> 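Structure in structure tokens, see below.
These numbers come from a predicted model, not from an experiment.
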Amino acid sequence: MRQIVLDTETTGLNPRTGDRIIEIGCVELLNRQLTGNNLHFYINPERDSEEGALAVHGLTTEFLSDKPKFAAIVDEFRDYVRDAEIIIHNAPFDVGFLDAEFKLLGLPPFKEHVDNIIDSLQMAKEQHPGRRNSLDALCDRYGISNAHRTLHGGLLDAALLAEVYLAMTRGQNSLTMDLAAGGDDEDGAVKLELAPLADVIVVAASEAELGLHETLLNTLDKEVRGTCVWRKEPETEAPPA
């Protein structure tokens with residue numbers, strides 16, 4: 001399975017008002033392993049960045065003035081992402097800009113060049129409802145160092161997102177069927193090779209929580225005028241003779 005973790009930087013927030021892409025960073029995963037086969041472009045947007053956007057990415061008009069225009073890199077970019085599964089944090093934003101750039105060149109929308117698009121922000125919201133799910137927040141949550149990140153950058157953010165995505169989805173490959181390597185048993189049954197399960201994190205109850213639990217059990221004892229079921233040891237069956 002080939003996946004591409006992708007991030008862009010732009011001159012502003014809205015491609016419909018003429019904002020353009022100024023940087024693309026891509027990190028390749030093959031069977032959930034980083035390959036090092038990454039792709040990175042700085043792009044001349046032929047316009048200035050808005051003040052707020054410039055404060056985020058720090059890519060000045062002067063720096064970008066001698067960089068290739070999007071039309072000059074689009075074929076290499078399309079060849080790189082073709083038929084891959086694309087992972088983007090807040091995918092509608094980046095895809096909206098990519099679609100706008102493709103439309104200017106008379107090309108089909110971005111999704112028609114790739115196999116699938118995964119929005120890691122939506123995935124994070126489903127896994128951590130009600131919590132902050134920015135890339136920085138997810139790095140903190142999963143123990144991924146982003147101390148070297150003072151400004152946003154396409155390739156740097158894509159590399160961080162790749163680590164975050166692998167951490168978010170590490171349970172997905174806890175049970176695998178390797179039919180090619182497993183072969184068959186003598187009776188013709190297919191052997192399954194099971195990958196090791198992820199570590200189970202056990203969080204012990206605090207003294208305060210244990211006290212509250214005991215108070216609840218005492219209340220239940222009074223209601224049943226005896227010993228509630230939660231205090232009883234489970235019955236074990238005798239081993240067969």
> Would you find a donor on one side and an acceptor on the other, under 3.5 Å apart, between the side chain of Asp19 and the backbone of Leu13?
yes
> Of all heavy-atom pairs between Ser49 and Ile22, which one has the smallest distance, and what is that distance?
OG-CD1, 4.2 Å
> Which pair of heavy atoms, one from Cys139 and one from Val164, lies closest together, and at what distance?
SG-CG2, 4.0 Å
> Please check: side-chain N/O of His113 versus main-chain N/O of Pro108, any donor-acceptor pairing under 3.5 Å?
yes
> Kindly work out whether a path of hydrophobic side-chain contacts (I/L/V/M/F/W/Y, heavy atoms less than 4.5 Å apart) joins Val27 to Ile118.
yes
> What is the distance from atom CG of Leu54 to atom OG1 of Thr61, rounded to the nearest 0.5 Å?
7.5 Å
> Side chains of Ile88 and Ser120: does their closest heavy-atom pair fall under 4.5 Å?
no
> Please list, chain by chain and in numerical order, all residues satisfying side-chain contact (heavy atoms from CB on, under 4.5 Å) with Asn90, sequence neighbours excluded.
Pro92, Phe93, Leu121
> Restricting to salt bridge (charged side-chain N to carboxylate O under 4.0 Å, His left out), what partner residues turn up for Glu28, sequence neighbours left out?
Arg2
> Quick check: do Leu98 and Ile21 have side-chain heavy atoms less than 4.5 Å from each other?
yes
> Hey, what do you get for NZ (Lys111) to CZ (Phe102), rounding to the nearest 0.5 Å?
13.5 Å
> Is there a side-chain contact between Glu85 and Ile4 (heavy atoms, below 4.5 Å)?
no
> Taking all atoms of both residues into account, what is the closest heavy-atom pair of Thr35 and Leu30, and its distance?
CG2-CB, 3.5 Å
> Taking a hydrophobic cluster as the set of Ile, Leu, Val, Met, Phe, Trp and Tyr residues connected by side-chain heavy atoms closer than 4.5 Å, whether directly or through intermediates, do Val81 and Leu29 fall within one such cluster?
no
> The criterion is salt bridge (charged side-chain N to carboxylate O under 4.0 Å, His left out); which residues satisfy it with Asp66, sequence neighbours excluded?
none
> Mind checking the CD-CD spacing from Gln127 to Gln122? Nearest 0.5 Å is all I need.
11.0 Å
> Can you confirm whether more than 12 heavy atoms, excluding those of Glu51, are under 6.0 Å from its CD atom?
no
> Is there a side-chain contact between Ile43 and Lys67 in this structure, where contact means two heavy atoms from C-beta onward sitting under 4.5 Å apart?
no
> Kindly say whether Arg20 contributes a backbone atom to a donor-acceptor pair with the side chain of Arg47 at under 3.5 angstrom?
no
> Looking at Phe97 and Gly12, what are the two nearest heavy atoms and their distance?
CZ-O, 3.4 Å
> Side chains of His40 and Ile24: closer than 4.5 Å at any heavy-atom pair?
no
> Before giving the answer on side chain to side chain contact (heavy atoms under 4.5 Å, CB included), spell out for Met123 and Asn133 the whole-Å C-alpha distance, their side-chain angles and the decisive distance to 0.1 Å.
CA-CA 10 Å; Met123 180 184 298; Asn133 290 299; over 6 Å; no
> With ring centroids as reference points, do Tyr165 and His89 lie under 6.0 angstrom apart?
no
> Checking the side chain of Asn44 only, and the main-chain atoms of Lys69 only, is there a donor and an acceptor separated by less than 3.5 Å?
no
> Considering only heavy atoms from C-beta outward, does the side chain of Leu135 approach that of Leu160 to under 4.5 Å?
yes
> Nearest 0.5 Å please: distance from the CZ atom of Arg141 over to the CZ atom of Arg131.
4.0 Å
> Output yes when a side-chain donor or acceptor of Asp99 lies under 3.5 Å from a complementary backbone atom of Pro109, and no otherwise.
no
> Which distance, rounded to the nearest 0.5 Å, do you find between the CD of Glu126 and the CG of Asp119?
9.0 Å
> Locate the shortest heavy-atom distance separating Gln3 from Ile87; write the atom from each residue and the value.
NE2-CD1, 3.8 Å
> State, yes or no, whether a side-chain contact exists between Pro68 and Tyr42 at a heavy-atom distance under 4.5 Å.
no
> Where is the tightest heavy-atom contact between Asn31 and Met1, given as atom of each residue plus distance?
OD1-N, 2.6 Å
> Following the transitive rule for hydrophobic clusters with a side-chain heavy-atom cut-off under 4.5 Å over Ile, Leu, Val, Met, Phe, Trp and Tyr, establish whether Leu161 and Ile86 coincide in one cluster.
no
> With a 4.5 Å heavy-atom cut-off, do Glu101 and Val74 have their side chains touching?
no
> Under 3.5 Å, is there a donor-acceptor pair between the side chain of Arg16 and the main chain of Ala100?
no
> Honestly curious: do Leu138 and Leu34 fall in one hydrophobic cluster under the side-chain, below-4.5 Å linking rule?
yes
> Do Val5 and Tyr80 share a hydrophobic cluster, counting only Ile, Leu, Val, Met, Phe, Trp and Tyr and linking them when any side-chain heavy atoms are less than 4.5 Å apart?
no
> Can you confirm whether or not the ring centre of Phe70 sits under 6.0 Å from the ring centre of Phe41?
no
> How long is the span from the CZ atom in Arg78 to the CG atom in Leu105, to the nearest 0.5 Å?
8.5 Å
